[in-house]
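What follows is a short report on a single structure.
Every heavy atom of this structure was used, including side-chain atoms; hydrogens, water molecules and symmetry mates were not. Every chain is numbered from 1 and lettered A, B, ... according to where its sequence line falls, protein lines coming before strand lines. Computed from a predicted structure; not experimentally measured.
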2 protein chains.
Amino acid sequence: MTATYRDIKSDILGKITRGEWTPGSLIPGELELAETYGSARATVNRAMRELAEEGIIERKRKSGSRVRLTPLRQARFDIPVIRREIEEQGRAYRYALVRSEVVEAPEWLRARLALQPGAQVRHLICLHLADGTPWQHEDRWINLALLPQALDADFSASGPTEWLMSQIPFSAVEISISATAADASLAAHLDCAPGEPLLMTERSTRWNDQMVTYVRLIHRPGHRMTTRY
Amino acid sequence: MTATYRDIKSDILGKITRGEWTPGSLIPGELELAETYGSARATVNRAMRELAEEGIIERKRKSGSRVRLTPLRQARFDIPVIRREIEEQGRAYRYALVRSEVVEAPEWLRARLALQPGAQVRHLICLHLADGTPWQHEDRWINLALLPQALDADFSASGPTEWLMSQIPFSAVEISISATAADASLAAHLDCAPGEPLLMTERSTRWNDQMVTYVRLIHRPGHRMTTRY
DNA sequence: ATGGTTTTCAAGTCCAGACAAAAAGGCAGG
DNA sequence: CCTGCCTTTTTGTCTGGACTTGAAAACCAT
C-alpha cells in the first residue's frame, strides 16, 4: 500500500504537467518528499533521478531540484536490424550484393576514419528489399587494418551488418541523419526518379579510438523515422 | 576503494566488448557478481539495470541476464530549442513571422489531429535565422478549440514554440523525421534551389488525448542531426 | 502425453542508515 | 574589495537486509 517509485514519479510529473509546479521553480528536497510520501529517501531518489534522466527536471547538489524551464525534449529512435524491421511487417526480406571491392581508401574516407594514406578498405554496396521492392541502399566501408577477416568474408548471401555484429564489439558510435538527393545510381537501385529527396543515415563505428567501419544507409523514398513518448 | 556501480558497469561492458562474454551467453547472477566485486547486490543491480536500459544486455526474472544477441542500438537525439541552438554557436538569432491566419482546418490536418469538421486552427509560418541566413522554416498549426488564447497571442516578435511551452503542459509527443524536396515557397524562404532535398521534422503534441498542435520544421539545406554514444 | 498447480529461483523493489561529493554562502585576512 | 578557507545543505552513492513478482520448471492428476 506504500508508494512505489513509480507512483512518486508520476505524481511529481502530474504536479508539473498540471502546472502546480511551474518551470524554473524549486521542488522540495528528497528528505521532505520522502516524508510526505511516507517512503525512504532512496525511493524518492530513484523517482527524481529518472525524471532528471528524462529531461523533466534538473538537479544540482546543494541547490536542489527544479523543474526545467525548457523541458529538454529528446527523441529516441530505435535503429532496427533491417531484416527484422521488414519481417515484422510481414513482408519478405531479400538481400542483394550489388558490388564488392577492396580498394585504397579515398581521401574523404581517410579523413573521416582517420586512416593512414594507402590504407586498404573493403567497400560494399548492398540492397535490402521488402517483398521485392527496394527498401534500403547500403554503402559500407570496412577498415581492413583493423578487421582483416573482412577480406575473405563472403557477403553474397547476407549483409555485412549482421556479419559485423558477430565480429566486433563496439565502443563508440556516431550517427547522423540528413537528406540527400538521388543520383543516377541510387535512383536506379531504389527505383525512383533522379533528384528525389531521400533520408540518409550515416554511422561510424569505433573501437578503441580506431574507426572500424563507416556506413551510409539510404532509405527508400518517403521513408520516415518515427518515435513517440 | 570498493567498486562503484560505474566500475561494475564498465567492467561488465568491457568483458562483453572484449568478447569474454559473447552475445547470447548468460551473465552470472546478481548475487554471484556482488560477491566477486565485493559489493552489495543493490549496487550490482544498478549497474545491470543501466546496461539493460542501454540495450546491451537483456534481463529476465528466473532465467537471469544474458548479453543481447543483437545489441539493440538506439539513437537519442536532443531536440534543441532553436534560439539556444543558434546562440550556442555564437551566431545571432533572428525570428521572422512570415504569415499568420486563422482558418478552418484543412482535410489532411483534421485527419491528423482528429478534429471536428469546421474546427478553427491558427496557422503560422515563421522563419528562424542565424546571422541573417535562414536556418529553419516552421509551419505551425494550433488547435483553437483547445487553446483559444492562441487567437489573440502575438507572434510577430517571438516564435510560437516558446509561447506554447509556457502555455501547455505536454503529455505525449510524436516526432517523425523524413526528407522532402523544396517547393517554390520553401526555396525562396530557405534561400535554396527548388527541388533541393531538405530534412523535415514533424511533431504532434497531445494533451489528454487531444491534439494541441502540429508543426512541420524544415531545416536549412545540408542540415544534419548528429548523436554519439 | 496433457493440462493445471505448486515450487523455486532470479530479478525487481524497498528500507533505514551511512558516508561522499559538489556547491552555495559566510567568514576572515590581506 | 577580492581571495581562499570552512561550514552547511542537498544530492549521489553504498550497504545489508527484506519482501514482492514474474516466469521457468517440476510435480501431479487426469
Q: Test the R122(A)-W163(A) pair against the cation-pi criterion, namely NZ or CZ under 6.0 angstrom from the six-membered ring centroid and within 45° of the ring axis.
A: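 Not flagged: R122(A) not positioned over aromatic ring of W163(A).
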Can you say whether a donor on the side chain of [X] sits under 3.5 Å from an acceptor on the base of [N], or the other way round?
| X | N | result |
| --- | --- | --- |
| R6(B) | dG12(D) | no |
| R49(A) | dT13(D) | no |
| R46(B) | dG12(C) | no |

Interatomic distance, [X] [atom1] vs [N] [atom2] [rounded to whole Å]:
| X | N | atom1 | atom2 | result |
| --- | --- | --- | --- | --- |
| E53(A) | dT11(D) | CD | P | 16 Å |
| I57(B) | dG12(C) | CD1 | C1' | 14 Å |
| L31(A) | dT11(D) | CG | P | 9 Å |
| K9(A) | dG12(C) | NZ | P | 15 Å |
| E30(B) | dG16(D) | CD | P | 15 Å |
| K60(A) | dA24(C) | NZ | C1' | 9 Å |
| I8(A) | dC15(C) | CD1 | P | 7 Å |
| Y37(A) | dC14(C) | OH | P | 14 Å |

Q | A42(B) or K62(A), whichever maps to the more 5' nucleotide of DNA chain D | A |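 Here K62(A) is the residue nearer the 5' end.
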Q) Where each residue is assigned the nucleotide of DNA chain D containing its nearest heavy atom, which of S63(B) and P28(A) is assigned the position nearer the 5′ end? A)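 Its nearest nucleotide lies further toward 5', so the answer is P28(A).
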Q: Pick out which of H137(B), E202(B), E138(B), R140(B) makes a side chain to side chain contact (heavy atoms under 4.5 Å, CB included) with R216(B).
A: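 With R216(B) as partner, side chain to side chain contact (heavy atoms under 4.5 Å, CB included) holds for just one option, E202(B).
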Using OP1 and OP2 only, check whether a side-chain N or O of [X] sits under 4.0 Å from [N].
| X | N | value |
| --- | --- | --- |
| R61(A) | dT9(D) | no |
| S65(A) | dT10(D) | no |
| T43(A) | dC15(C) | yes |

**Q.** Set of side chain to side chain contact (heavy atoms under 4.5 Å, CB included) partners for A145(A), sequence neighbours left out
**A.**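 For A145(A) the side chain to side chain contact (heavy atoms under 4.5 Å, CB included) partners, ignoring immediate neighbours, are N143(A).
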Q: Show your working on side-chain contact (heavy atoms from CB on, under 4.5 Å) between N45(B) and R59(B) and close with a plain yes or no.
A: CA-CA 11 Å; N45(B) 180 277; R59(B) 318 194 71 193; 3.9 Å; yes
Q: Assess the side chains of D7(B) and Y37(B): does a donor N or O sit below 3.5 Å from an acceptor N or O?
A: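 Per modelled atom types, D7(B) and Y37(B) side chains form no pair under 3.5 Å.
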(Q) If you assign N45(B) and G64(B) each to the DNA chain C nucleotide with the nearest heavy atom, which residue ends up on the more 5' nucleotide? (A)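 Here G64(B) is the residue nearer the 5' end.
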